[in-house]
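Just so you know, these numbers use all the heavy atoms, side chains as well, and skip hydrogens, waters and symmetry mates. Numbers here are sequence positions counted from 1. It should be emphasised that the depicted structure is a prediction, and the values quoted were computed from it without experimental measurement.
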Amino acid sequence: MAASTAISPNCSDLVYSSACGTSPVVVIETLVLLTMFLGSLIGNGLILLVIHRSRRSEWTTNYFVLTLGLSNLTIPFMCVLWTIIWVMRGSWLFHSATCKVTFFFQFLNAGLSAGLLACISLDRFYIIVHPLQFKMSRSQTKKLIIYVCIFMVCLSAPALFFFKSLSGPGLLFFESQEYQSSDVEFCLVNFSSVYWKAYIVLFFVCAFCFPLLFTLVMYTRITYAVITRNRHAQNYPNSFRRQTFRVPRSKVKVLRMLFLQWLVFVSCCLPYFFSLVLWTFKRSTWTEHLYIALLLLSFSNATLNVVIYALFNGDFRQGCKRVFCKPDASQAYRLTSLGRKHRVSPFEFSSDHGDGLYELRLPEHKPVEKAIHLNVNMRGVNGCFNTLEKQTQAWVRSNSDRQGSI
């Protein structure tokens with residue numbers, strides 16, 4: 001796409017130019033960036049606050065979502081903010097310093113998002129397909145998150161060396177010649193460098209290809225297991241067996257939301273990094289308009305995650321109401337009517353094995369490091385059983401009888 005003929009050879013219609021002032025495109029870009037800044041800052045802040053106040057904050061999936069929210073909070077401060085200043089000034093503040101910081105955190109956020117979404121898909125796989133074979137504890141989840149963060153920081157660190165602020169004749173990157181004779185600065189790399197070619201291929205394969213393919217395989221396997229189990233459940237005349245055989249709708253809704261989140265991430269971040277690879281090996285010609293568009297699209301992922309949670313997660317909407325409205329303890333993410341120490345899970349059965357043998361499956365609950373033993377022999381202060389403990393014992397006994405009857 002060639003530059004508009006209405007712009008003089010030394011002017012820019014995408015960023016501020018001292019020779020020509022501010023164009024309408026610059027105003028639109030600034031408004032879009034400001035929307036991203038506020039949306040990402042407020043939205044991801046709400047995600048962290050809602051998870052912190054939730055009773056389910058210690059679930060393994062929420063650990064990954066919490067880390068993902070923290071990673072997305074770096075986008076408004078470390079990427080969008082400096083980009084707004086660049087668009088309004090026509091040059092990078094502190095020149096290459098902010099340029100390097102911006103694209104380091106962009107690479108880091110993209111890699112962390114891909115890795116964490118892959119971890120979430122693995123967690124969903126074991127919860128739905130093999131609930132009793134393996135389930136990550138809190139300590140294992142934290143270690144996995146730390147390993148992913150360290151690996152992605154090391155993988156993104158070379159971006160601090162390659163990116164630099166270029167202007168004038170250094171802008172041979174673009175198809176048009178208008179920027180090669182102006183004072184506009186762009187944050188680019190030396191695409192002819194052998195080291196850059198090796199690095200961008202390594203980053204694209206390790207930070208994108210492997211995690212994205214792994215996530216796709218996990219969600220494909222989960223979808224097949226859900227369809228198979230629900231289809232087998234329809235063959236049972238007993239309504240109780242049908243209900244215990246089927247995958248709960250709540251888990252299916254969460255699965256749809258997480259898969260949509262992964263698709264949005266791929267749509268936002270993959271085009272920019274894939275285009276970097278194409279231009280590095282001269283397989284495609286970029287224009288300045290396409291460069292800015294893909295850059296803004298990659299920044300938008302941090303804001304779109306919040307929109308997905310708001311539209312498809314009822315707990316997030318309820319948590320937001322609790323943040324802004326008067327708390328109601330009776331509606332605070334209640335799992336059962338029992339207290340935390342007395343909560344007992346109902347039994348369910350899984351039909352994932354093709355040999356017809358069914359394994360006992362527990363529903364998804366917060367992972368615990370040690371088993372919680374209920375002291376059924378404890379008596380109240382007045383010498384009688386506590387009423388709550390009696391209800392718990394009766395409920396466990398009734399579930400055991402139903403299990404024996406099956």
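Every residue two or more places apart in sequence or in another chain that forms a ring-ring contact (aromatic ring centres under 6.0 Å, His included) with Phe107 is listed here: Phe163, Phe203, Phe273. A search for side-chain hydrogen bond (donor to acceptor under 3.5 Å, both in side chains) contacts involving Ser298 returns Gln106, not counting sequence neighbours. Asn190 is linked by a side-chain hydrogen bond (donor to acceptor under 3.5 Å, both in side chains) to Ser192, counting only residues two or more places apart in sequence or in another chain. Qualifying side chain to side chain contact (heavy atoms under 4.5 Å, CB included) partners for Leu260, counting only residues two or more places apart in sequence or in other chains: Val264, Ile308, Phe312. Under the rule for a side-chain hydrogen bond (donor to acceptor under 3.5 Å, both in side chains), the partners of Ser165 that lie at least two apart in sequence or sit in another chain are Glu185. For the side chain to side chain contact (heavy atoms under 4.5 Å, CB included) test, residues two or more places apart in sequence or in another chain that qualify with Lys197 are Thr280, Phe281. Cys149 is linked by a disulfide bond (SG atoms under 2.5 Å apart) to nothing, counting only residues two or more places apart in sequence or in another chain. Residues forming a side chain to side chain contact (heavy atoms under 4.5 Å, CB included) with Phe259 (at least two apart in sequence, or on another chain): Tyr219, Trp262, Leu263. With sequence neighbours excluded, the residues that form a side-chain hydrogen bond (donor to acceptor under 3.5 Å, both in side chains) with Ser71 are Asn109. Qualifying side chain to side chain contact (heavy atoms under 4.5 Å, CB included) partners for Thr303, counting only residues two or more places apart in sequence or in other chains: Met36, Ser40. For the disulfide bond (SG atoms under 2.5 Å apart) test, no residue two or more places apart in sequence or in another chain qualifies with Cys119.
Side chain of Asn230 to backbone of Val247: a donor-acceptor contact under 3.5 angstrom is found. Tyr272 contributes no side-chain N or O that, together with a main-chain N or O of Phe299, makes up a donor-acceptor pair within less than 3.5 Å. One N or O on the side chain of Ser121 and one on the backbone of Ala118 form a donor-acceptor pair closer than 3.5 Å. Remark: the backbone N or O of Leu311 is paired with a side-chain donor or acceptor of Arg317 at under 3.5 angstrom. Judged by distance alone, the side chain of Thr67 and the main-chain N or O of Tyr63 form a donor-acceptor pair under 3.5 Å. Proximity of a side-chain donor or acceptor of Asn62 to a complementary backbone N or O of Ile51 within less than 3.5 Å is not detected.
One distance of note links CG of Asn301 with OG of Ser267; it measures 9.5 Å at 0.5 Å rounding. Rounding to the nearest 0.5 Å places CD1 of Ile75 at 12.5 Å from CG of Leu41. To the nearest 0.5 Å, the span separating CG on Leu296 from SG on Cys79 amounts to 12.0 Å. Atom CG of Leu212 is separated from atom CG of Leu117 by 8.5 Å, given to the nearest 0.5 angstrom. Here Leu33 contributes atom CG and Thr83 contributes atom OG1; the two are 6.5 Å apart, rounded to the nearest 0.5 Å. Considering CE of Met257 and CG of Asn313, their distance stands at 4.5 Å, rounded to 0.5 Å.
The disulfide bond (SG atoms under 2.5 Å apart) contacts involving residues 256-316 comprise nothing, where partners must be two or more places apart or lie in separate chains.
Shown here for Ala207 and Pro211, the closest heavy-atom pair between the two residues is O-CG, 3.6 Å. Of all heavy-atom pairs between Leu294 and Pro271, the closest is CD2-CB, 3.9 Å. Residues Ala110 and Phe208 approach most closely at CB-CZ, 3.8 Å, considering heavy atoms. A pairwise comparison of heavy atoms in Lys100 and Phe161 identifies NZ-O, 3.5 Å as the closest pair. Across every non-hydrogen atom of Val323 and Arg53, the tightest pair is CA-NH1, 3.8 Å.
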Going through the checks in order, is the side-chain contact (heavy atoms from CB on, under 4.5 Å) test met by Phe105 and Phe77?
CA-CA 10 Å; Phe105 278 98; Phe77 291 109; over 6 Å; no
Determine whether Val226 and Lys251 satisfy the following criterion, side-chain contact (heavy atoms from CB on, under 4.5 Å), listing intermediate values before the conclusion.
CA-CA 10 Å; Val226 171; Lys251 291 187 178 181; over 6 Å; no
Does the side-chain contact (heavy atoms from CB on, under 4.5 Å) test come out yes or no for Leu202 and Leu155, once each step is laid out?
CA-CA 9 Å; Leu202 178 66; Leu155 194 61; 4.2 Å; yes
With side-chain contact (heavy atoms from CB on, under 4.5 Å) as the test, would you mind laying out the steps for Asp123 and Phe64 before giving the verdict?
CA-CA 10 Å; Asp123 182 60; Phe64 295 120; 4.2 Å; yes
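Between the side chains of Thr61 and Arg124, at least one donor N or O sits under 3.5 Å from an acceptor N or O.
Taking 4.5 Å as the limit, some side-chain heavy atom of Met78 sits within range of a side-chain heavy atom of Val101. Side chains of Thr141 and Leu144 form no contact here, defined as non-hydrogen atoms less than 4.5 Å apart. For the pair Leu48/Leu73, a side-chain contact is recorded, criterion being any heavy-atom separation below 4.5 Å from C-beta on. Put simply, the side chain of Val129 reaches to within 4.5 Å of the side chain of Arg221, judged on heavy atoms. The shortest side-chain heavy-atom distance between Met88 and Val26 does not fall under the 4.5 Å cut-off. For the pair Tyr309 and Leu46, the minimum side-chain heavy-atom distance is 4.5 Å or more. Side-chain atoms of Phe265 and Asn305, non-hydrogen and from C-beta on, never get closer than 4.5 Å to each other. Phe103 has its side chain out of reach of Thr98: every pair of non-hydrogen atoms, C-beta onward, lies at least 4.5 Å apart.
Between Phe204 and Phe274, the ring planes lie tilted relative to each other; the angle falls in the 30° to 60° range. Phe191 and Trp279 have perpendicular rings, their planes meeting at more than 60° on a 0 to 90° scale where under 30° would count as parallel.
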